[in-house]
S.K.: 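Structure in structure tokens, see below.
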Amino acid sequence: MCARAAIPAEKRLAASPVPRTGKNLAAFRRALLRWYDRHRRDLPWRKTCDPYRIWLSEIMLQQTRVAAVLEHYRIFLERFPSVEALAAAPEDAVLTAWSGLGYYRRARMLRQCAQELVQNHGGRFPDRAEALRTLPGIGRYTAAAIASIVFEEPTAVVDGNVERVVQRLQGRDLTDQQIWQQAQSFLNTSRPGDFNQSMMELGATVCLPRDPKCPTCPVRKWCVTEQSRPSANRTITMERRASSPGGTLTPSSSRQVKKEIWCVLNQRDGYIRLVQRPRDSSLMPGMWELPQLSRKPHRTTPSAPWRTFRHSITRTDFTVHVHAGRAAAAKGKWIPVASIVGLPITGLTRKILKAAAII
DNA sequence: GAATCGTGGGA
DNA sequence: TTCCCAAGATT
């Protein structure tokens with residue numbers, strides 16, 4: 001738990017109507033926090049109260065699994081140990097450290113935010129969610145997460161986990177507004193940061209989307225969904241809310257588009273041929289990748305691809321044939337292999353170069 | 001409000 | 001293999 005900041009009394013005492021008695025509510029909070037204290041995962045951003053590190057973890061974790069974040073988090077902090085270091089860095093350096101994590105706009109806004117903090121806030125983070133919310137890349141969730149975890153502001157977070165947990169507890173569909181309201185009413189205002197994390201942790205490790213582990217759930221006795229389950233051996237999965245008001249579970253289940261592409265892994269004398277995506281591209285702008293062929297090669301040597309990868313980007317499933325050798329690659333630049341580590345390359349490129357033992 | 005933005009892993 | 005995602009924010 002991090003140091004408490006001075007929070008106005010009216011906010012601390014703000015009470016929303018809840019469908020439980022005060023006694024039940026207190027027991028619910030106690031049970032969840034007790035479970036969190038005993039079972040929470042040991043994660044690096046849970047060992048610090050440094051707002052810079054908490055902020056970085058929250059941005060990296062947006063739509064991204066913990067396992068994918070861990071290594072990037074460590075390396076990013078080595079490279080940019082402070083807001084000042086990040087603010088002073090070239091954008092490409094930040095993108096390089098972000099390479100492979102995806103959603104690269106997060107990295108650019110992270111740097112913009114750092115610059116704004118240095119220029120307008122003396123390099124310090126605002127301690128209230130309302131103020132944090134105005135910074136680049138910080139939305140409603142992230143603002144509340146930083147404010148509650150770092151500064152102990154009693155404000156609830158709602159992410160995908162919390163949404164699912166609240167819906168299950170209630171056993172019915174709620175609008176976004178109702179979910180935020182419910183989360184706020186559940187909040188333990190003595191330990192808001194820990195309580196928020198306990199709700200998310202529950203969703204991430206117990207109240208899973210498809211196969212919730214109800215028998216081990218610390219708050220099952222307050223859960224309408226669990227109570228209505230016909231048998232402990234059966235699992236209830238989240239039903240889709242395709243067209244319900246406030247429905248946010250699954251955004252249009254458009255099926256994946258399949259595409260086949262060919263690219264060239266062209267090496268010579270310690271150099272490799274790479275091309276930079278347009279700076280104004282909506283997809284991975286300014287990042288480097290292997291030169292692509294417009295269509296399947298049929299007269300090249302060798303004609304068979306060196307290797308084939310599968311890689312999905314947003315809604316497109318790519319089958320990527322990588323051809324090795326000296327195929328003419330008019331586009332791109334010769335890049336020294338040794339300098340690739342300092343270049344923002346796409347996740348696919350990283351995957352291929354690793355498979356080729358180049359990086 | 002809907003569309004968009006990456007990736008790797010598990011069921 | 002295929003599908004579904006995971007600690008959202010922006011436009």
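Every chain is numbered from 1, with letters handed out A, B, ... down the list of sequences.
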S.K.: Grab the CD-P distance between A:Glu289 and B:dG6 for me, whole Å please.
M.R.: 12 Å
S.K.: Do A:Lys351 side-chain atoms and A:Arg310 backbone N/O form a donor-acceptor pair below 3.5 Å?
M.R.: yes
S.K.: In whole angstroms, how far is the P atom of B:dT7 from the CZ atom of A:Arg106?
M.R.: 11 Å
S.K.: Could you work out the separation of B:dG1 and C:dG8 based on their C1' atoms and round it to a whole Å?
M.R.: 15 Å
S.K.: What's the closest nucleotide to the side chain of A:Ile313 if the choices are C:dA6, B:dG6, B:dT4?
M.R.: B:dG6
S.K.: Side-chain N or O of A:Arg140 versus OP1/OP2 of C:dA9: is the shortest distance under 4.0 Å?
M.R.: no
S.K.: For A:Thr205 and A:Lys213, which heavy atoms make the closest approach, and how far apart are they?
M.R.: O-CG, 4.4 Å
S.K.: Given side chains that start at C-beta, do those of A:Arg46 and A:Arg41 come closer than 4.5 Å, heavy atoms only?
M.R.: yes
S.K.: What parts of residues 280-288 of chain A reach DNA chain B, counting only heavy atoms under 4.0 Å away?
M.R.: A:Ser282, A:Leu283, A:Met284
S.K.: Do A:Arg350 and A:Ser99 have a side chain donor and acceptor closer than 3.5 Å?
M.R.: yes
S.K.: Short of 4.0 Å, heavy atom to strand atom, which residues of residues 107-121 of chain A count as contacting DNA chain C?
M.R.: A:Met109
S.K.: Side chains of A:Arg273 and A:Gln267: donor-acceptor distance under 3.5 Å anywhere?
M.R.: no
S.K.: So does A:Thr175 get a backbone contact from the side chain of A:Gln178, meaning a donor-acceptor N/O pair under 3.5 Å?
M.R.: yes
S.K.: Have a look at A:Arg277 and say if it touches a base, only the backbone sugar-phosphate, or nothing, with a 4.0 Å heavy-atom cut-off.
M.R.: nothing
S.K.: For the pair made of CG in A:Asp317 and P in B:dT7, what is the distance, rounded to whole Å?
M.R.: 13 Å
S.K.: Please report the distance, rounded to the nearest Å, between CD in A:Gln63 and P in B:dA3.
M.R.: 16 Å
S.K.: Extract from the structure each pairing of a protein N or O with an N or O of nucleotides 8-11 of chain B at less than 3.5 Å, listing the distance.
M.R.:
unit_1	atom_1	unit_2	atom_2	d
B:dG8	N2	A:Arg65	NE	3.0
B:dG8	N2	A:Arg65	NH2	3.4

S.K.: Over 60° means perpendicular and under 30° means parallel, so classify the ring planes of A:Trp262 and A:His321, tilted if in between.
M.R.: parallel
S.K.: Among residues at least two apart in sequence or on other chains, which ones pass salt bridge (charged side-chain N to carboxylate O under 4.0 Å, His left out) with A:Glu289?
M.R.: A:Arg277
S.K.: Can you work out whether A:Tyr103 or A:Thr314 has the more 5'-proximal nearest nucleotide on DNA chain C?
M.R.: A:Thr314
S.K.: Tell me: CG of A:Leu202 to P of C:dA6, nearest whole Å?
M.R.: 14 Å
S.K.: Between C:dA9, C:dA6, B:dT7, which nucleotide gets closest to the side-chain atoms of A:Tyr141?
M.R.: C:dA9
S.K.: Specify the separation, in whole Å, of atom NE2 of A:His72 and atom P of B:dT7.
M.R.: 10 Å
S.K.: Starting from A:Tyr271 and following side-chain heavy-atom contacts under 4.5 Å between hydrophobic residues (I, L, V, M, F, W, Y), which residues can be reached?
M.R.: A:Trp334
S.K.: Measure the NE2-CD1 distance between A:His311 and A:Ile261 for me, rounded to the nearest 0.5 Å.
M.R.: 8.5 Å
S.K.: Distance criterion of 3.5 Å, no angle test: do you see the side chain of A:Arg105 paired donor-to-acceptor with the base of C:dA9?
M.R.: yes
S.K.: Does a side-chain N or O of A:Tyr104 approach OP1 or OP2 of B:dT7 to a distance below 4.0 Å, or not?
M.R.: yes
S.K.: Can you find a pair of side-chain heavy atoms, one from A:Asp50 and one from A:Ile54, that are under 4.5 Å apart?
M.R.: no
S.K.: Give me the distance, rounded to whole Å, that separates B:dG6 from C:dC3 when you measure between the P atoms they each carry.
M.R.: 22 Å
S.K.: Throw together a table of side-chain donor-acceptor distances under 3.5 angstrom for residues 100-109 of chain A, partners on residues two or more places apart or in other chains.
M.R.:
unit_1	atom_1	unit_2	atom_2	d
A:Tyr104	OH	A:Gly100	N	3.0
A:Arg106	NE	A:Tyr103	O	3.3
A:Arg106	NH1	A:Ile59	O	3.0
A:Arg106	NH1	A:Met60	O	2.9
A:Arg106	NH1	A:Gln62	O	2.9
A:Arg106	NH1	A:Thr64	OG1	3.1
A:Arg106	NH2	A:Thr64	OG1	3.3
A:Arg106	NH2	A:Leu101	O	3.3
A:Arg106	NH2	A:Gly102	O	2.9

S.K.: How many whole angstroms separate atom CD1 of A:Ile345 from atom P of B:dG6?
M.R.: 15 Å
S.K.: Please report the C-alpha distance between A:Arg140 and A:Glu130 in whole Å, then the side-chain angles of each, then the deciding distance to 0.1 Å, and finally whether the salt bridge (Lys or Arg N to Asp or Glu O under 4.0 Å) criterion is met.
M.R.: CA-CA 9 Å; A:Arg140 188 175 182 183; A:Glu130 188 182 348; over 6 Å; no
S.K.: Whole angstroms only, please: what is the CD1-P distance between A:Ile146 and C:dA9?
M.R.: 9 Å
S.K.: May I ask you to say what A:Trp45 touches in the nucleic acid, namely base, sugar-phosphate or nothing, with a heavy-atom cut-off under 4.0 Å?
M.R.: base
